[in-house]
Protein chains: 2
Amino acid sequence: MRMLLRRANVVTGALDLLDAEGLGGLTMRKLGVALDVQAGALYRHFPNKEALLDAMADQLLEGVGAPLPSDLPWADQLELLGERMHTALLSRRDGARMVSGTFAPGRHTMIASRRAAQVLAEAGFPPNRAWEITFAVFYFVLGHTIEEQAQSRMPAGDDWTARLEAAGLDTHDPLAMGLKTLAAADPGRRFSYGLRVFLSGVRQHAPADAADPHEAETTRDS
Amino acid sequence: MRMLLRRANVVTGALDLLDAEGLGGLTMRKLGVALDVQAGALYRHFPNKEALLDAMADQLLEGVGAPLPSDLPWADQLELLGERMHTALLSRRDGARMVSGTFAPGRHTMIASRRAAQVLAEAGFPPNRAWEITFAVFYFVLGHTIEEQAQSRMPAGDDWTARLEAAGLDTHDPLAMGLKTLAAADPGRRFSYGLRVFLSGVRQHAPADAADPHEAETTRDS
DNA sequence: ACCTGAACACCGTTCAAGT
DNA sequence: ACCTGAACACCGTTCAAGT
């Protein structure tokens, strides 16, 4: 009475279960129930849970490496890639934490990485630098998004006050007020700002021969 | 015949167990064995495993927020903070992943954050920007270190070749060779380079009134 | 006050046996 | 070939009872 179980169904079902239950509630047994199958049957498609998580992570990042508008300056192309990845990670509950827990980069992950590295290589970075910066930017995106998603499931009131006191700040310290301002700010805007800060550092490290119509300066340090 | 179990002993024992078994092998029951106690006894000190993990994470970051040499330019002070955090995370197996899995920042985490935010505030950033950049840099450190530690427990041979092919690159592509160069590189140096790239972006976003003896220029974008 | 012993409600994974 | 049913070796957590 049930359609034959295919690998792709398992991944889709697992992602839906992730949305419904969170990473902690994602269980082979619950997934079995959701797919109307015994838990053991899932092991025909994946050798273990980790392999399933790898596939889920890669599925999540599917569109990130799609072609970029070639009329964009290279730094803006990177920014777009970062924003795409951010959006993809946010598209499922605990998406960032799930991806960060996986080890073997899948096909879509590699495609997205290659896209970024290619942009940087065309901007004049030597290939190994291009990859290095690619990973560095992706780590930033991942780390920031993990924290965003952790924040969103924190107790609402969540007194920063107590924590500030633990750090030796009272409520009237300007630094303490800045933190409260930040906590009230839109996380998406914070992400974008951080990404731009990072990328302006990347721009500064670009080899002098990088041609960029929007940036006449070629200053860099070290 | 056993010393009275104190909260700090539990945290220390848990960190040692983490080193021995990894995050996946860190179990309340195994911790009980290591501390010569029934697993249930641990719940006199921590309401649940998550609270214990929070305490472990905070313990790991203990020294990071220590005072900084005040004769250092502010960007170098931030760099030192980033390197300290990196070192702390690497000091235990799966340290970065453990920290990234916790939600409530503890005392030492707050102290380290405050230190960074203070450096930035003194550099002229408005308080909320100071916190924003603090978190952004910390996310980069966390994300990069997670990946470093994931890499270190990967199968040795681990053919990048297959993955590159999945991304549509053959082995002779210069980009592919760059990735192999990178994989052979010292992860610590990669981290430091990424951190410096990020921080040069931060420097570029500093308000014009920032006084820094080592940097005469005050250029910035946007 | 602190800990034991034992239970409860789960896990991931395996594998003979069915269809 | 695909799946079931049932088991195995674990989990985190709770709680009466001991000392």
Side-chain angles (χ1 to χ4, degrees), chain A residues 1-57 93-94 97-104 150 153 155, chain B residues 1-57 93-94 97-104 150 153 155:
Chain A
M1 286 309 101
R2 202 199 57 255
M3 242 185 48
L4 204 126
L5 195 60
R6 309 200 125 293
R7 202 188 129 98
N9 305 140
V10 179
V11 175
T12 306
L15 286 170
D16 290 344
L17 187 59
L18 179 69
D19 260 341
E21 303 271 5
L23 193 55
L26 178 62
T27 280
M28 298 304 268
R29 295 171 117 99
K30 282 188 196 163
L31 183 54
V33 172
L35 296 172
D36 204 19
V37 146
Q38 291 292 116
L42 299 169
Y43 290 79
R44 307 248 140 220
H45 300 279
F46 297 94
N48 49 45
K49 191 183 179 181
E50 192 173 301
L52 171 58
L53 286 165
D54 285 349
M56 291 169 66
R93 169 132 73 126
D94 293 335
R97 227 169 83 232
M98 184 199 64
V99 169
S100 86
T102 65
F103 307 101
R153 70 153 146 153
Chain B
M1 288 305 104
R2 202 199 57 256
M3 242 186 47
L4 203 127
L5 193 61
R6 307 199 128 294
R7 201 189 131 99
N9 305 140
V10 179
V11 175
T12 306
L15 285 170
D16 290 344
L17 188 59
L18 180 68
D19 261 341
E21 303 271 6
L23 193 54
L26 177 62
T27 277
M28 298 303 268
R29 294 171 118 99
K30 284 188 195 162
L31 184 53
V33 172
L35 296 173
D36 203 19
V37 145
Q38 291 291 118
L42 300 169
Y43 289 81
R44 306 245 143 225
H45 300 279
F46 297 94
N48 49 47
K49 191 183 181 182
E50 191 172 302
L52 171 58
L53 286 165
D54 285 350
M56 291 169 67
R93 166 129 77 123
D94 294 337
R97 227 167 85 234
M98 185 200 62
V99 169
S100 87
T102 64
F103 306 104
R153 70 153 146 154

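Naming convention: chains lettered A, B, ... in sequence-line order (proteins, then strands); numbering from 1 in each chain. These numbers come from the heavy atoms of this one structure, side chains and all, not from hydrogens, waters or symmetry mates.
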Exercise. Rounded to the nearest 0.5 Å, how far apart are CG of A/Leu52 and CG of A/Leu31?
Worked result: 6.5 Å
Exercise. How long is the span from the CD atom in A/Glu21 to the OG1 atom in A/Thr27, to the nearest 0.5 Å?
Worked result: 8.0 Å
For this session: Take the protein atom CG of B/Asp36 and the nucleotide atom C1' of C/dT4, then report the distance between them rounded to whole Å.
Result: 12 Å
Seminar exercise, completed: Here the distance between atom P of D/dA1 and atom CZ of A/Arg44, to the nearest Å, is 10 Å
Exercise. Starting at CZ of A/Phe46 and ending at P of C/dT14, how long is that distance when rounded to a whole Å?
Worked result: 15 Å
Exercise. For A/Ala39 and B/Asn48, take the nucleotide of DNA chain D holding the closest heavy atom to each; which residue's nucleotide lies nearer the 5' end?
Worked result: A/Ala39
For this session: Send over the distance from B/Glu50 CD to D/dC11 C1', rounded to a whole Å.
Result: 16 Å
Exercise. Which heavy-atom pair separates A/Ala14 from A/Leu26 by the least distance, and what is that distance?
Worked result: O-CD1, 3.7 Å
Exercise. Which atom pair, heavy atoms only, marks the closest approach of A/Arg29 to A/Ala39?
Worked result: CA-CB, 3.9 Å
Exercise. Of all of residues 24-33 of chain A, which get a heavy atom below 4.0 angstrom from DNA chain C, listed by number?
Worked result: A/Leu26, A/Thr27, A/Met28, A/Arg29, A/Lys30
Seminar exercise, completed: Taken to the nearest 0.5 Å, the spacing of B/Leu35 CG from B/Met28 CE works out to 10.0 Å
Exercise. Atom NZ of B/Lys49 to atom C1' of C/dC11: distance rounded to whole Å?
Worked result: 12 Å
Exercise. Rounded to the Å, how far apart are B/Tyr43 OH and C/dC8 C1'?
Worked result: 13 Å
Problem set entry | Value in whole Å for how far the P atom of C/dC3 lies from CG of B/Leu42 | 9 Å
For this session: Look through every strand shown and name the nucleotide pairing with C/dG12 as Watson-Crick or G-U wobble, where both distances are under 3.5 Å.
Result: D/dC8
Seminar exercise, completed: DNA chain C nearest-nucleotide lookup for A/Ala41 and B/His45: closer to the 5′ end is B/His45
For this session: Determine the minimum heavy-atom distance between B/Met56 and B/Val11, stating which atoms define it.
Result: CA-CG1, 4.1 Å
Exercise. Does D/dA1 have a Watson-Crick or wobble partner in any strand here, with both distances under 3.5 angstrom, and which is it?
Worked result: C/dT19
Problem set entry | Atom-pair distance (CD on B/Gln38; P on C/dA7), nearest Å | 13 Å
Exercise. Which atoms form the tightest heavy-atom contact between A/Met98 and A/Leu18, and what is the distance?
Worked result: SD-CD2, 3.9 Å
